[in-house]
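Accompanying notes for the structure given below.
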Amino acid sequence: METVMKTAGIALIALACSFILKEKHRFVGVMCSGAAIILIESAVFDTSLSKTVSQIFVLVEGTSFSGYAKIMLKSLGIAYIVNITESICKEAGENSVGEAVVLAGKAEILFLCLPLIASLLDIAKALV
């Protein structure tokens, strides 16, 4: 609950600053929004997300799923970073740059998942 209150407060303050600054200094308003996004994501990561990731590693430790969990968590991290970056780019009016970041993120996740795909194909071959 504390994290939600902090992030809501940061978001409302940033929103007010952004509205005020965008009228005269669009670039500063966009930078204010970007800084708020980074602060909010940092607060979430420091509190709930880091605990969740630690708990997932504890749960899968010693199982055959541990390698897959690492891939899943790395993919999730890439998706978060890409989403934040795309939001900042779109806020700045650079939609094409944001879309390029999304494409690069999707390619990276696909590359990261290649061992998983190979493993699934091996299982499918063994069944036939």
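- Cluster annotation: L112 is connected to L116 through the hydrophobic network of ILVMFWY side chains, with a link wherever side-chain heavy atoms come within less than 4.5 Å.
- No single ILVMFWY cluster, assembled from side-chain heavy atoms under 4.5 Å apart, contains both V102 and I81.
- The shortest non-hydrogen separation linking V60 to A69 is CG2-CB, 3.8 Å.
- Among residues two or more places apart in sequence or in another chain, the side chain to side chain contact (heavy atoms under 4.5 Å, CB included) test is passed with A14 by A36.
- Partners of V101 according to the side chain to side chain contact (heavy atoms under 4.5 Å, CB included) rule, which considers only residues two or more places apart in sequence or in another chain, are V82, T85.
- The cluster map of Ile, Leu, Val, Met, Phe, Trp and Tyr, joined by side-chain heavy atoms under 4.5 Å apart, puts F57 and M72 in the same cluster.
- For C89 against V97, the heavy-atom pair with the smallest separation is SG-CG1, 3.7 Å.
- In this structure, S87 and N83 have side chains that are in contact, with non-hydrogen atoms separated by less than 4.5 Å.
- Among residues two or more places apart in sequence or in another chain, the side chain to side chain contact (heavy atoms under 4.5 Å, CB included) test is passed with I117 by L110, L114, L121.
- In this structure, I37 belongs to a hydrophobic cluster whose other members, linked by side-chain heavy atoms under 4.5 Å apart, are I84, I88.
- Listed by first then second residue, pairs satisfying salt bridge (Lys or Arg N to Asp or Glu O under 4.0 Å) with a partner in residues 53-82 number zero, not counting sequence neighbours.
- Residues I71 and C113 have side chains in contact (heavy-atom distance under 4.5 Å, counting atoms from C-beta outward).
- For K90, the salt bridge (charged side-chain N to carboxylate O under 4.0 Å, His left out) partners are E86, E99, not counting sequence neighbours.
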